[in-house]
> 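My questions will all concern the structure given below.
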Amino acid sequence: MKIFSLKGKHLFTIFLLLVVAFYALHRTDFQPFKFQPKLSSTIIYLKDTTELPKVRSICNFQPLSPKDALEERLLLESVAWPETSELPSPLSLELTSHPAHSSFTILPARRGGQWHVGDQLEVSIVISDFKGQPKKFGGDLLLARLHNLTLGAGVAGQVVDHLNGSYSAVFPLLWEGEAQVEVTLVHPSEATTVLNRLNREQPDRIFFRSLFRSGSRSQTTICNICLRQTNQTICDFTDPRTGDPWFCYKPKNMSCDARITHSFGGYKQNLKAKEDKLFQGRVNLKVGIPATGPAGVTVLPKKEGQPEVKSSIVNFQASGYYYQGLWRALDGTKVHQFTGASAITQCLKGKVVHLYGDSTIRQWFEFLNAALPDLKELNLGSSRQNGPFMALDYENKIMVTFRCHGPPLRFGNVPIGAFRYIANELDDLIGGPNTVVVFGIWSHLGTFPLEVYIRRLQRIRSAVVRLLERAPQTVIIIRTANPKALWLYETITNSDWFSVRRDKVLRAIFKGLNVHLIDAWEMVLVHHLPNSLHPQPPIIKNMMDVLFSYTCPQKGG
């Protein structure tokens, strides 16, 4: 009887798990299962990727609900990256990817050698090593764009990894005239393997400090999401509302409650011998790949009634493109040009705009502060890096606020009360048709395993759902990640490889909700200005025009 009872319990448990999985898979609002290639304009695979690496992390991951755990697993699978075999130590560059020996070739048009607006252009890419020998496996991070500097035009391409050293890039043809192809090797596959290992084994390579003070005594200790176990007692500062984890080593003879500030602590570079050679500017770090033959095509006008030529590899739809320096969305959104303070003021009249995130969102507060002379910033005594900030236009009843997101933050000496988790901020809002919520969170979480980012976004999504349930007319806008200039430190701590995977996760998690995305990834990638963590003013202006177009869809010049 005991054996029968035990089997019955096991069968009942299995049955419950199957019911939960079936329910999650068939819920219409459970969007992350509907992964599509267009969620990422960077890279997709035509074959199965390697198995997910076994997690060897010092991070302490708390159990999730069955639904969230299933979503997390599927998200991790969706961004799994092919790994090379274990790299030799010391490393030799000879067999690693080398852009100067690699090449791309524009494939002939399938319509009598001519390309027309509406067609898709295909490019074949072959990656070779320093010896000039073609690679036999994939995993390189490549970015591709089509551009015309004279026309101020640019659009992203989608790179397809065939997992054998060859790649394809597919571009939509959207303007008449010349279109130049540009393919960039951001990282060799061997470098992505190193970055993957660092995030699993050394998520604390960026570390943080907190100052504790009690009376005349003060002490500073190390803090992090992932904190290594030592003989020191650990203070648990996990947020009681969201469950977001944060820990500090407890100062001697002081209470955990004595913590008063947060600051960036430093960086530990723990690469193996010669691994830094994988991250060399102008050698194998964000370097262009040469063309064999012409690097561009001439695009003819679209012919009446002529069917468009689609790619045989993937039907790629970019989120938008530049033409004459202006961003044109391809999702049906009409992007208006809000030129001058009066147009922006008219759009924001009577509205409250809440901005949450990192320094790339702080740029938008700074834009508004500079663009609107009647918007007066209140002196809150805040650091210009950290905030919080608030600005008012009393006559037009406009209020704009900025608050940085919760830890981890690579800022200096932030008072503990100055940053709060985005999910908590959203839960404290009333919302409504005159409330605009904007957030972006990506850059400061690059050094941690993806599970940390997924769980942060799951909590923010839950708060977004609650906000939209009580105030469905609230306008919610999310800024995506963007590519940036890279050097060794920036790569180890904030590589585009970290960003592109988190970008795909963000799009999947918020897919299907009544939110708007500002595609900073494509808007930075395809602009003629250099990639930068903080995009230059012409790009910011285009981003803000998209933001105002979502806020005031019927207005603008």
Side-chain angles (χ1 to χ4, degrees), residues 203-228 230 232-242 244-269 354-366 369 377-391 400-425 428 439-448 452 456 484 489-490 492-494 533-534:
D204 58 341
R205 61 191 181 279
I206 288 283
F207 59 94
F208 306 87
R209 300 184 190 276
S210 271
L211 174 65
F212 293 75
R213 181 176 294 155
S214 178
S216 61
R217 294 182 298 118
S218 63
Q219 188 176 340
T220 301
T221 70
I222 301 297
C223 306
N224 221 319
I225 290 177
C226 305
L227 204 59
R228 296 179 186 269
T230 66
Q232 292 177 265
T233 303
I234 291 177
C235 293
D236 185 351
F237 295 110
T238 297
D239 187 80
R241 293 170 64 182
T242 67
D244 285 295
W246 192 255
F247 307 98
C248 296
Y249 292 122
K250 183 180 181 298
K252 293 181 180 178
N253 303 318
M254 294 180 71
S255 166
C256 292
D257 294 335
R259 176 171 172 252
I260 60 172
T261 66
H262 163 95
S263 64
F264 171 69
Y267 158 67
K268 297 176 290 187
Q269 180 180 310
H354 296 293
L355 305 168
Y356 305 109
D358 54 29
S359 57
T360 64
I361 293 292
R362 188 183 66 221
Q363 276 188 289
W364 294 3
F365 180 90
E366 293 164 349
N369 225 12
E377 183 177 352
L378 278 66
N379 183 1
L380 303 179
S382 305
S383 158
R384 295 315 302 170
Q385 184 182 44
N386 309 331
F389 305 134
M390 177 184 291
V400 182
T401 71
F402 166 80
R403 185 177 288 278
C404 56
H405 64 67
L409 277 170
R410 302 175 197 173
F411 294 161
N413 294 321
V414 186
I416 295 305
F419 54 59
R420 302 171 188 164
Y421 290 99
I422 293 175
N424 287 341
E425 290 293 293
D428 291 339
F439 65 85
I441 178 168
W442 57 283
S443 179
H444 294 251
L445 284 93
T447 53
F448 298 97
V452 172
R456 178 70 67 91
K484 63 192 74 66
Y489 165 79
E490 187 71 14
I492 299 303
T493 62
N494 208 14
L533 173 62
H534 300 111

> Mind listing the closest non-hydrogen atom pair of F411 and C404 along with its distance?
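In this case the closest contact between F411 and C404 is CE1-CB, 4.1 Å.
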> Shortest non-hydrogen contact from N369 to E377?
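Closest approach of N369 to E377: ND2-OE1, 2.8 Å.
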> Is the shortest side-chain heavy-atom distance between F389 and R362 below 4.5 Å?
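A side-chain contact exists here, since the closest heavy-atom pair is under 4.5 Å.
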> Minimum heavy-atom separation for P408 to F448, with atom names?
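Answer, listing the atom of P408 first, then F448: CG-CE1, 3.5 Å.
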> Measure from the side-chain N and O atoms of H405 to the backbone N and O of Y356, and report whether any donor-acceptor pair falls under 3.5 Å.
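Answer holds: no.
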> Going through the checks in order, is the salt bridge (Lys or Arg N to Asp or Glu O under 4.0 Å) test met by K484 and E490?
CA-CA 9 Å; K484 63 192 74 66; E490 187 71 14; 5.2 Å; no
> Quick one: are R410 and I206 in side-chain contact, heavy atoms under 4.5 Å?
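Counting from C-beta outward, R410 and I206 do come under 4.5 Å.
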> Do C223 and W246 come close enough that some side-chain heavy atom pair is under 4.5 Å?
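Side chain of C223 against side chain of W246, heavy atoms only: contact under 4.5 Å found.
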> Rounded to the nearest 0.5 Å, what's the gap from CZ on F208 to CG on N224? Could you check?
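Taking CZ in F208 and CG in N224, the distance rounds to 5.5 Å.
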> Roughly how far apart are L355 CG and E366 CD, rounded to 0.5 Å?
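L355 CG to E366 CD: 10.5 Å, rounded to 0.5 Å.
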> Within the distance-only criterion (no hydrogens, no angle test), does the side chain of N386 pair as donor or acceptor with the backbone N or O of G412 below 3.5 angstrom?
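Yes; judged by distance alone, with no hydrogens or angles, the pair exists.
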> Just list the side-chain donor-acceptor pairs under 3.5 Å for residues 414-424, sequence neighbours left out, or say none.
| from | atom 1 | to | atom 2 | distance (Å) |
| --- | --- | --- | --- | --- |
| N424 | OD1 | R241 | NE | 3.4 |
| N424 | ND2 | D239 | OD1 | 3.3 |
| N424 | ND2 | D239 | OD2 | 3.1 |

> Kindly give the heavy-atom pair with the smallest separation between P388 and L380, and that separation in Å.
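Closest approach of P388 to L380, heavy atoms only: O-CD1, 3.5 Å.
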> Would you call R456 and D244 a side-chain contact if the rule is heavy atoms closer than 4.5 Å?
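R456 vs D244: side chains touch.
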> Would you say the side chain of D204 lies within less than 4.5 Å of the side chain of L227, judging by non-hydrogen atoms?
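No; the side chains remain at least 4.5 Å from each other.
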> More than 12 non-hydrogen atoms from neighbouring residues, nucleotides or ligands closer than 6.0 Å to CZ on R205, yes or no?
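Result for CZ/R205: enclosed.
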> Side chains of S359 and H534 only: does a donor on one sit below 3.5 Å from an acceptor on the other?
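A donor-acceptor contact under 3.5 Å links the two side chains.
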> Report the C-alpha distance between L409 and F264 in whole Å, list the side-chain angles of each, state the deciding distance to 0.1 Å, and finish with yes or no for side-chain contact (heavy atoms from CB on, under 4.5 Å).
CA-CA 7 Å; L409 277 170; F264 171 69; over 6 Å; no
> Name every donor-acceptor pair, under 3.5 Å, that has one atom in a side chain of residues 249-258 and the other anywhere in the protein, sequence neighbours excluded.
| from | atom 1 | to | atom 2 | distance (Å) |
| --- | --- | --- | --- | --- |
| Y249 | OH | R228 | O | 2.6 |
| K250 | NZ | M254 | O | 2.4 |
| S255 | OG | D257 | N | 3.0 |

> Could you report the tightest heavy-atom contact between L211 and R213, atom names first, then the distance?
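Heavy-atom minimum between the residues: CD2-NH2, 3.6 Å.
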> Which distance, rounded to the nearest 0.5 Å, do you find between the NE2 of H354 and the CD1 of I361?
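One finds 14.5 Å between NE2 of H354 and CD1 of I361.
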> For S443 and N494, test the side chains for any donor-to-acceptor distance below 3.5 angstrom and give the result as yes or no.
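There is such a pair between these side chains.
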> Quick one, W442 and D358 - any side-chain contact, counting heavy atoms below 4.5 Å?
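The answer is yes; the side chains approach within 4.5 Å.
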> So which atom in L533 and which in T360 form the shortest heavy-atom distance, rounded to 0.1 Å?
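In this case the closest contact between L533 and T360 is O-CG2, 3.4 Å.
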> Does a side-chain heavy-atom distance below 4.5 Å link P245 with F237?
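Counting from C-beta outward, P245 and F237 never come under 4.5 Å.
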> When rounded to the nearest 0.5 angstrom, what distance separates CD1 in I222 from CZ in R209?
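So the gap between those two atoms works out to 4.0 Å.
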> Once the angle between the rings of F365 and F402 is folded into 0 to 90°, is it parallel (under 30°), tilted (30 to 60°) or perpendicular (over 60°)?
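Ring orientation, 0 to 90° scale: tilted.
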> Establish, from distance only, whether the side-chain atoms of S210 and R259 form a donor-acceptor pair under 3.5 Å.
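The criterion, which ignores hydrogens and geometry beyond distance, is satisfied for R259 and S210.
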